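Down below is the structure, laid out as structure tokens.
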Amino acid sequence: MLDFVVVFTKGGVVLWHSAASGGSFASCINSLIRGVILEERSTEAKYFEEDHLAVQFKLDNELDLVYAAIFQKVIKLNYLDGFLADMQAAFKDKFGGIPAAERLGNEYDFDREYRRVLSAAEEASAKQVKAPKAMRSYNESQKSKKTVASMIQDDKKPPAEKRVNIQESPPPSKSQPSSPPANGATMDDIIRENRRKLREKLTPTKKTSPGDSRPSKAAASEKAGKKPRVWDLGGNSKDAVMLDRSKDTPEDVQYQNINSELVGTMQGVIRDLDVESEDEAEDEEQSSSEEEEQLVQSKKNKRGGLLSYFKGIVGAKTMTLADLQPALEKMRDHLISKNVATEIAAKLCDSVATSLDGKQMGTFDSIASQVKEALTQSLVRILSPKRRIDIIRDALESKRNGRPYTIIFCGVNGVGKSTNLAKICFWLIENDFNVLIAACDTFRAGAVEQLRTHTRHLNALHPAAKHDGRTMVQLYEKGYGKDAAGIAMEAIKFAHDTRVDVVLVDTAGRMQDNEPLMRSLSKLIKVNNPDLVLFVGEALVGNEAVDQLVKFNQSLADYSSNENPHIIDGIVLTKFDTIDDKVGAAISMTYITGQPIVFVGTGQTYADLKAINVNAVVNSLMK
Ligand code: GDP
């Protein structure tokens, strides 16, 4: 039985859904959107699983819609292909004429059609199911035909039925080819070949025979070992020993998210994200050899990205909104495809439309440059901080005043709060601040251990001996289940009493709709009055970013009894390394909060922390 059926835009806006048969399917659909649809993963199977649920879906590229059916993973529904195709046809019949721009504000009354399509699909499938076969009598069975002679195995003859069991398959022979079986190979050949490959993978590499002068790969790497890394800071063998993972407890290994061996140095201000400017790209193209010229030329012709949508608008009259509308719609979809939240993409298009309306039309180039200018202005306005957050300057100021500078990190689960807190800690230590990490995620099992591991690694990179005997990072922890606000308060007091420069407060991940947890975050912030509240959000989110930030800010305001509640001061945008050119979350997040992106997480080492580069983001969006 189907649990839930939903029709949504590729940007993630739900247009219609069936009544849910109990349970929540939002998380599964969100994962599908985030993990498959937005990332445009290869989805030939059009099938997705999460926990006990499975989703089969169908993409409608004409209307840019997704039809998804959710069911329990254990159930096999053989009518889904037909059902989803019929859903698509029925939905298109009824709503296909609605222009994309009006699609979101519309009422999608589709219940009746849905019931019709579903029952037709179920009926058709029921007809296909054959009546169960009557049981065979003993005389009719294969068993009755067996004689004692037929049961004696003849080794020379291939067994009539081969069991698919790795353990029982014949040992691999060296003469077996490593290439896939040639055309015409039987299923058994393929299975045997696959088994052999699997066994090769599973069995440890054989020791080289005495006659074989070539050492095996494993033996060679064992012998050579990994060269001890010379650290830029504290680069001595002692550090190398402390970083030796072989001495880690299983607990350490489990929570080790950062590969300390890839850490660089990060003194001074954080470096900007790398950008490949258009000029650089052009230079590269010019320097390419003559053979590549044609390719480059065709690339140039194709280029134009977002601006190419305005190609059709040329002429001598003045532009009207009607002239611009089709191009603006494409531009909106382009921004959504870059992960800008739908609502914000629409607002950006409105602002471009407003600035172009009534202007003189001209050649494509003149329109393109006007669009570019209007959009760039809007984007730069959004991304440019209303106020500058200078943590180093402010932390120094606090230090002079004899009090620790405090930052609280908040956000939903798994976005990289602890990891990026550790990166920021590393950056602070490199700038000679000592840090106290307050382990206030007293909820998620392993959260405290994760911070303990980071603390150990950070101290290994910056041993006290290199800092006039000062321990550069300490962990303030009180285990699990305790009041987070109280632990943060004690930690700040401890830092104050022991003259620690900066306190970084890790908090439990929470969903923006979880009222009790949002209340407790608001309390934690209110009673501890930090210098900075940073919202940690991952760059992978599209429309979800809006919901998270609006609700976090709203809750911090609503549940604080202060007249001037402390809401989000800035953003840590994580996992930027995983999004390619889908940089839209940066726009959405700053648009909603009006606060700057203070740090960008670009990987899993301590040095993977950058400052936002407005031009880089704007260029990426234009492409
Ligand atoms: P938390 O639950 O919010 O504290 O999240 P964690 O700090 O435990 O991070 C969740 C996962 O995201 C871990 O596997 C991290 O290594 C990973 N992660 C965090 N930041 C980044 C980043 O900037 N880039 C990438 N690729 N992964 C990251």
Side-chain angles (χ1 to χ4, degrees), residues 27 31 34-35 39 245 251-264 266 270-274 339 407-427 437-458 473 475 477 480 484 488 504-512 514 517-518 521 524 533-541 544-545 548-549 552 568 571-583 585-586 589 597-613 616-617:
S27 145
S31 307
R34 252 190 252 166
E39 290 193 8
R245 304 256 187 80
E251 195 182 66
D252 287 340
V253 174
Q254 189 180 351
Y255 296 108
Q256 199 151 2
N257 281 327
I258 286 200
N259 179 357
S260 332
E261 293 180 356
L262 300 178
V263 168
M266 292 178 65
I270 300 251
R271 259 181 260 146
D272 278 2
L273 277 170
D274 297 330
N339 241 1
I407 308 177
I408 291 178
F409 295 79
C410 61
V412 307
N413 252 324
V415 289
K417 285 182 299 302
S418 315
T419 307
N420 287 279
L421 177 149
K423 293 183 202 172
I424 292 166
C425 182
F426 176 70
W427 170 67
I437 299 176
C440 295
D441 180 352
T442 58
F443 195 70
R444 177 170 66 92
V448 178
E449 289 79 357
Q450 187 177 359
L451 292 176
R452 204 180 290 147
T453 305
H454 283 310
T455 307
R456 220 161 47 78
H457 286 172
L458 290 165
V473 52
L475 181 66
E477 55 161 301
Y480 294 97
L504 301 180
V505 181
D506 187 32
T507 64
R510 62 203 76 215
M511 287 311 288
Q512 62 272 26
N514 188 326
L517 289 182
M518 292 311 298
L521 178 65
L524 189 150
V533 175
L534 292 182
F535 176 86
V536 185
E538 50 184 19
L540 300 158
V541 290
E544 177 69 4
Q548 282 177 12
L549 274 161
F552 261 79
I568 293 165
I571 291 156
V572 181
L573 187 63
T574 64
K575 309 190 188 178
F576 207 81
D577 53 310
T578 64
I579 53 161
D580 214 1
D581 63 351
K582 295 193 180 350
V583 296
M589 289 190 187
I597 291 174
V598 188
F599 299 103
V600 183
T602 55
Q604 306 201 9
T605 79
Y606 290 131
D608 287 326
L609 192 67
K610 298 269 155 58
I612 189 86
N613 180 333
V617 175

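In each ligand, atom 1 is the first atom listed, and ligand 1 is the first ligand listed. Here the structure is a predicted model, which is why all the values come from computation and not from measurement.
Applying the 4.0 Å criterion to heavy atoms of Gly601 picks out, from ligand 1, the atoms 23 (O). Residue-ligand proximity, Thr419 to ligand 1, at heavy-atom distances under 4.0 Å covers atoms 6 (P), 7 (O), 9 (O), 15 (C), 19 (C). Short contacts between ligand 1 and Thr602, defined as distances under 4.0 Å to a heavy atom of the residue, involve ligand atoms 23 (O). Near Ser418, meaning under 4.0 Å from any of its heavy atoms, are these atoms of ligand 1: 4 (O), 7 (O). The Lys423 neighbourhood of ligand 1 comprises atoms 22 (C), 23 (O), with distances under 4.0 Å to a heavy atom of that residue. Heavy-atom contacts of Gly416 reach the following atoms of ligand 1: 1 (P), 3 (O), 5 (O), 6 (P), 7 (O), 9 (O), 19 (C) (cutoff under 4.0 Å). Those atoms of ligand 1 that come under 4.0 Å of a heavy atom in Thr578, given as number and element, are 26 (N). Annotation for ligand 1: atoms under 4.0 Å from non-hydrogen atoms of Gln450 are 6 (P), 7 (O), 8 (O).
In this structure, Asn339 contributes its side chain and Leu540 its backbone to a donor-acceptor pair below 3.5 Å. Side-chain atoms of Asp441 come within 3.5 Å of backbone N or O of Arg444 as a donor-acceptor pair. The backbone N or O of Gly416 sits nowhere less than 3.5 Å from a side-chain atom of Thr574 that would complete a donor-acceptor pair. Counting only distance, with no hydrogens or angles, the side chain of Asp608 and the backbone of Gln604 share a donor-acceptor pair below 3.5 Å.
Distances shorter than 4.0 angstrom occur between a heavy atom of Gly603 and an atom of ligand 1.
Aromatic rings of Trp427 and Tyr606 (six-membered ring for Trp) have centroids beyond the 6.0 Å cut-off, not under it.
Across Asn420, Ile579, Leu573, heavy-atom proximity to atom 20 (N) of ligand 1 is greatest for Asn420. Looking at His454, Lys575, Arg444, Gln604 and measuring to atom 11 (C) of ligand 1, the nearest heavy atom belongs to Lys575.
Taking only nitrogen or oxygen atoms, main chain and side chain alike, Lys417 reaches within less than 3.5 Å of ligand 1. Here's the thing with Gly414: one of its N/O atoms is less than 3.5 angstrom from an N/O atom of ligand 1.
Of all the heavy atoms of Asp577, the ones lying under 4.0 Å from any atom of ligand 1 belong exclusively to the side chain.
Residues Val412 and Gln548 approach most closely at CG2-NE2, 3.7 Å, considering heavy atoms.
Classification of the Phe552-Phe535 ring pair by plane angle, with boundaries at 30° and 60°, yields perpendicular.
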task = May I have the step-by-step check of side-chain contact (heavy atoms from CB on, under 4.5 Å) for Leu521 and Cys410, ending in yes or no?
result = CA-CA 8 Å; Leu521 178 65; Cys410 61; 3.8 Å; yes
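A side-chain donor from one of Glu544 and Gln512 sits under 3.5 Å from a side-chain acceptor of the other.
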